[in-house]
Each structure stands twice: as structure tokens, then as C-alpha cells.
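None of these values were measured; they are calculated from a predicted model. The basis for the numbers below is simple: all heavy atoms, side chains too, and nothing from hydrogens, waters or symmetry mates.
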Amino acid sequence: MLLGTVLVLLLFGGAGPASAHAALRSTDPEDGTVLKSAPAYITLTFTESVGLLDDSFRVLSPKNERVRTGEAEHVPGSSDTARVSLPASGLGEGTFTVAWRVVSADSHPVSGAFTFSVGKPSATAVTVDPGPVENPATTGLYNIARYLAYLAVALLIGTALFLALCRPADANILPRLLRVGWWTLAGATVALFVLRAPYEAGTGPARAFDAAAFGRTVTSRPGLVLLARLVLLALTAVFLLRLFRRRRSSYAIGAALALGLALTWAAGEHASAGIQVPVAMASSVLHVLAMAAWLGGLTALVVTLYRAAVVEPATVTRFSRLAFVSVTVLVLTGVYQSWRGLGSWSALTDTTYGRLLVAKLTAVVVLLTAAGFSRLWTVRLATADARTVVPERVPEPAGGPPLPEAPEEPPVVPDRRGLRRSVLAEVTIGVVVLVLTTVLTGTVPGRAEAEAAQSPAATGLPVASVSYVPFDIGGARGKVQITLDPGRVGRNSVEAVVLDAEGGFAIVPELRLSFTLPSQDIGPLDAKLTDKGGYWGTDDLDLPIAGTWEMKVTVRVSEIDQVSETKPVEIH
């Protein structure tokens with residue numbers, strides 16, 4: 001039943017693309033600027049610290065050729081600012097495209113592109129391709145490993161706490177849960193480590209076997225966090241072996257190992273970036289531990305209720321107290337993390353993070369309702385146990401018939417059966433909450449999304465809209481290539497080039513361009529193109545509203561021959 005729930009949520013809950021936390025704050029040169037001479041560096045500043053890849057910067061010439069640059073590096077003393085040096089001999093004239101890709105402090109990759117020109121804009125524009133944000137196969141495998149890691153850490157820590165604090169009479173059935181949790185967490189961590197390089201680069205899973213990429217993972221912060229988790233798991237295995245062999249082992253060591261494992265999640269997710277990092281890290285550690293104590297402990301309890309020969313009401317009562325403390329911690333840390341991630345009430349409905357958070361809170365309310373029923377059954381079970389009177393064994397009279405023997409295991413009472421069902425419901429809903437939590441950790445927080453929305457350079461969308469308008473007038477045929485930069489609402493620069501039937505440059509005496517938005521009854525707006533010597537252009541076209549505009553191109557090829565063509569263009 002639980003396995004089916006997990007598989008459904010993996011297929012449908014994790015199908016969306018992973019989002020990143022970092023937003024591009026500014027670029028130098030700025031997007032769309034025209035410089036008199038080539039800059040020495042290209043510099044990008046982000047809203048948080050970022051990690052660099054081997055191919056973090058790609059600079060493309062007006063002919064769509066790769067420009068040889070220096071190695072990407074952080075500006076000294078600024079982990080949120082990255083730069084790359086350009087050739088000392090200069091770039092030449094024209095429009096250059098910069099495609100970039102970095103890794104956010106919370107371990108998620110982010111990419112984008114922008115343009116700048118040296119001397120004057122070039123007659124042609126590069127089709128911007130900043131590279132894939134993610135590879136579906138790699139991202140799918142990586143997300144499955146993340147889900148399994150969350151489930152496994154809850155099972156491992158929660159079962160250990162159940163054994164230590166609730167002290168079940170029949171504890172021999174629970175070590176298997178510990179082993180399942182340990183092996184699943186170890187396997188998921190290894191998978192995350194191996195897939196880290198292709199996940200960051202947006203390439204296929206085969207990249208995982210690239211020695212160079214593997215070496216980079218070993219030295220990156222997410223890679224070091226995963227290695228630390230593996231070391232802690234090795235120490236945890238030694239600790240558990242001592243327990244299984246009935247050797248003395250300090251519970252303080254076990255608590256330290258659980259704290260360390262929870263810290264590896266805090267160091268690799270949203271808590272490690274943004275505002276109030278020390279407080280957020282502490283809150284995240286407590287949140288993970290409380291989640292594990294409740295949901296992992298629930299799993300241990302449901303196994304005990306179904307398989308143990310004897311279930312003492314005191315064990316259930318102790319877990320009820322542990323669950324109450326865990327829920328209190330979850331609520332307090334959850335409120336803080338929600339405030340930190342959202343930033344505003346409107347983000348609850350206006351952002352993906354907010355909508356996922358609402359879904360998680362709804363699932364938690366349902367979970368608390370199921371927990372309330374479990375608490376009622378716990379009280380009834382304890383009360384029934386207190387009223388139970390064990391009959392005395394009367395010595396068998398000489399020569400009399402033998403008395404019936406007491407059964408080895410009492411029949412399952414209705415109170416225990418009801419508790420079984422309510423706890424199983426809690427575990428099932430808890431899996432849903434856990435999966436939603438995992439999805440949230442891979443979604444850009446509402447606060448960061450608002451920052452990204454205020455930074456046009458961080459959109460990652462193509463920075464230029466390129467359209468081709470064919471024309472045919474008498475014996476003259478060809479097409480007009482029109483580039484709108486950035487192709488968004490507001491001021492745009494226009495570059496128009498006339499091409500003949502063979503694709504070569506053609507000289508015409510006049511080229512006119514106008515824009516009309518029929519849905520709003522706006523226009524026609526004359527672009528007022530001027531001959532720039534080889535191409536026609538302007539830097540003062542203002543398109544005030546988003547929508548589907550009609551772009552009208554008029555080409556005059558002689559004193560008496562001209563033609564007008566219209567083509568729709570989307571402005572965002």
C-alpha cells in the first residue's frame with residue numbers, strides 16, 4: 001500500500017522541472033548595451049552565492065562562433081559574483097551573446113543568456129541557446145534518489161528513537177527496519193553523488209562516468225555534503241552493530257549521529273542560502289529530526305502493532321507523547337520556514353512554492369486529524385488495560401478434569417484493531433507529506449522568485465526575437481530578417497536586414513516597419529528605421545503592452561515597385 005503511494009507520487013508529483021534559488025541581479029556589460037570598446041571581463045552578480053562549472057560561461061560571436069575566454073572565477077571576496085576574462089586582442093565589432101550556467105547555494109542549477117554589442121549592433125543575431133536547464137532522464141533519477149533519501153532518513157532515525165524512548169516489549173522485530181532504512185539511505189546517497197555532475201551540467205546519466213566531472217563533484221560543496229553523509233552512515237553502522245550485539249553503546253553518540261545526518265540536509269537545501277542562514281539551518285535540522293521522529297516512529301509503531309506478540313499500552317502512550325512534542329516542533333519550525341520562503345501572503349497563491357506549501361499544509365491537517373483518532377484509541381487501549389483483571393490459576397483438584405490452559409496470545413481487542421487502522425492511515429498520509437516536502441526543497445522559494453521577477457536579466461528567456469518576412473515583387477524575391485532586442489514590453493532596438501533569394505545581402509532604397517495591436521486598438525506605431533549602412537535599424541521602438549502584435553514590413557526595390565507584408569509577433 002505504501003509502495004504504491006510512493007510510486008504514484010514519484011510519477012505525478014515530481015514531473016515538474018526543478019527550479020533554482022539564485023536569481024541574476026546584474027550583468028556587466030548590461031543586457032543590450034552598445035560599448036565603444038570590448039570589456040576586459042564579463043561579470044555576473046547573483047542574489048546568493050553560486051558555484052561555477054567547467055563551462056559556466058560561453059561567449060558567442062556575431063557569426064555564432066565560440067569566443068576563447070579565460071577560466072570562470074569568483075570575484076575576490078564575493079562568492080555571489082562570477083566573471084570571465086575576454087581576449088586581450090579584443091572582440092571586434094558586432095553583437096555578442098553570453099550564455100551562462102551556475103549552481104545555486106542550495107544545490108540547484110540555473111542558466112540564462114544576454115547580449116551586448118561592441119561598436120555597433122551586428123546585422124545578424126545569434127539564436128540564443130543557454131543550454132538545457134535539466135536532462136529529463138538525469139533529473140528523474142536524481143529526484144527519485146532524493147525521495148528515497150528522505151523516506152530512508154525518517155525510517156532510520158524514527159525507528160531508533162522509537163526503540164530508545166518508547167521501549168517496546170518485543171523489540172526484536174524492529175532491527176530489520178533499521179537495516180532497511182540504513183541501506184536505502186546509503187544507496188540513495190551514492191546515487192545522488194554519482195548523478196551530481198550530470199545533474200548540474202544538464203547532461204545525460206552517462207556523464208556520471210566522466211572522470212573529470214566526478215573529480216569536480218568531489219571538491220564541490222554539494223559533493224562534500226554527500227560525502228559527509230556517507231561518513232556519518234558508516235559511523236551509524238558501527239553504532240547499530242554494537243546495539244545488535246548487545247554491547248553497551250551511548251545514546252549520546254546516537255543522538256550526535258542523528259543530528260549530523262539532519263545537518264547534511266540543512267547544508268544542501270534552501271536553509272543554506274538566503275536570509276538568516278544560521279537560524280534557518282538550526283530550524284531545518286530540528287524540522288528534519290521532528291519529521292523523522294514522528295513519521296519514522298509511526299512506521300515502527302504500525303509494525304509493532306501488527307507483528308509484536310505483546311504490545312504494552314505504555315509503549316503506545318510513550319510514543320503518543322513523543323509524537324506530540326514532534327508535532328509542536330514541526331509547527332514552530334514550519335511557520336518560520338514558511339515565512340522565510342514566502343516573503344509575502346500573495347506568494348501563497350501567486351508562486352509555485354506557495355501553492356505546494358498550501359498542499360503540504362492541507363496534507364498535514366489531514367495527518368493531524370488521523371493522529372487525533374490514534375490518540376483516542378491510545379487512551380481507550382490504556383484504559384481497557386487498566387480494567388483488565390487477570391484470572392488466577394486454580395490448582396487442579398486431585399482426580400478432577402484438567403483446567404483449560406490460557407492462550408499464549410490474547411485475541412486482538414477492538415481498541416488495538418482501531419489503533420492499527422488509524423496509525424496505518426497516519427503513515428500513508430505521512431508519505432504524502434514527505435514527498436511534498438521533497439518537492440518543496442527543489443522549488444524556488446516565493447521570496448527568491450519575487451527577486452528574480454524584479455531582475456529581467458534572470459529570466460533565462462531568449463534575449464532577442466528574430467522573424468523572417470518573405471516578399472515577392474515582380475522579379476525581386478527575398479526575405480527581411482528582423483531582430484527585436486530584447487523582444488519584450490518596453491523599449492526595443494530593431495535590426496532589419498534584406499536578403500535576396502540566395503540568402504545574400506540585398507540593398508534596397510527604402511525599408512519601413514510598423515506595429516499594430518488590434519486587440520487594444522493600438523497603432524500603427526512607426527519604427528522609423530534608418531539606413532545604418534548594410535542594415536536598417538533603430539534603438540527607440542517602444543512597445544507598451546504585451547500581446548500579439550502585427551508587424552508590417554514595406555520593402556521598396558525601385559522608384560515604383562514596393563510590397564508590404566504582415567506577420568504576427570509575440571511581445572511578452
Taking the side chain as every heavy atom from C-beta outward, state whether Leu226 and Leu230 have any atom pair closer than 4.5 Å. no
Run the side chain to side chain contact (heavy atoms under 4.5 Å, CB included) test against [X] and tell me which residues pass, sequence neighbours left out.
X      : value
Asp500 : Glu502, Ala506
Ala191 : Ala145
Ser493 : Asp485, Asp539
Ala228 : none

Mind checking what makes side chain to side chain donor-acceptor pair (under 3.5 Å) contact with [X], not counting sequence neighbours?
X      : answer
Arg66  : Asp55
Ser514 : none
Thr264 : Arg229
Thr43  : none

Qualifying residues under ring-ring contact (aromatic ring centres under 6.0 Å, His included), relative to Phe193, sequence neighbours excluded: Phe214
Counterpart residues, ring-ring contact (aromatic ring centres under 6.0 Å, His included), relative to Tyr142 (two or more places apart): Tyr199
Do any side-chain atoms of residues 76-83 form donor-acceptor pairs under 3.5 angstrom with protein atoms, and if so which ones, sequence neighbours left out?
from  : atom 1 : to    : atom 2 : distance (Å)
Arg83 : NE     : Glu73 : OE2    : 2.9
Arg83 : NH2    : Glu73 : OE2    : 3.2

How far apart are the C-alpha atoms of Lys567 and Val553, what are their side-chain angles, what is the distance that settles it, and do they pass the side-chain contact (heavy atoms from CB on, under 4.5 Å) test? CA-CA 8 Å; Lys567 183 172 184 177; Val553 182; over 6 Å; no
Any idea which heavy atoms bring Leu148 and Ala188 closest together, and the distance? CB-CB, 4.2 Å
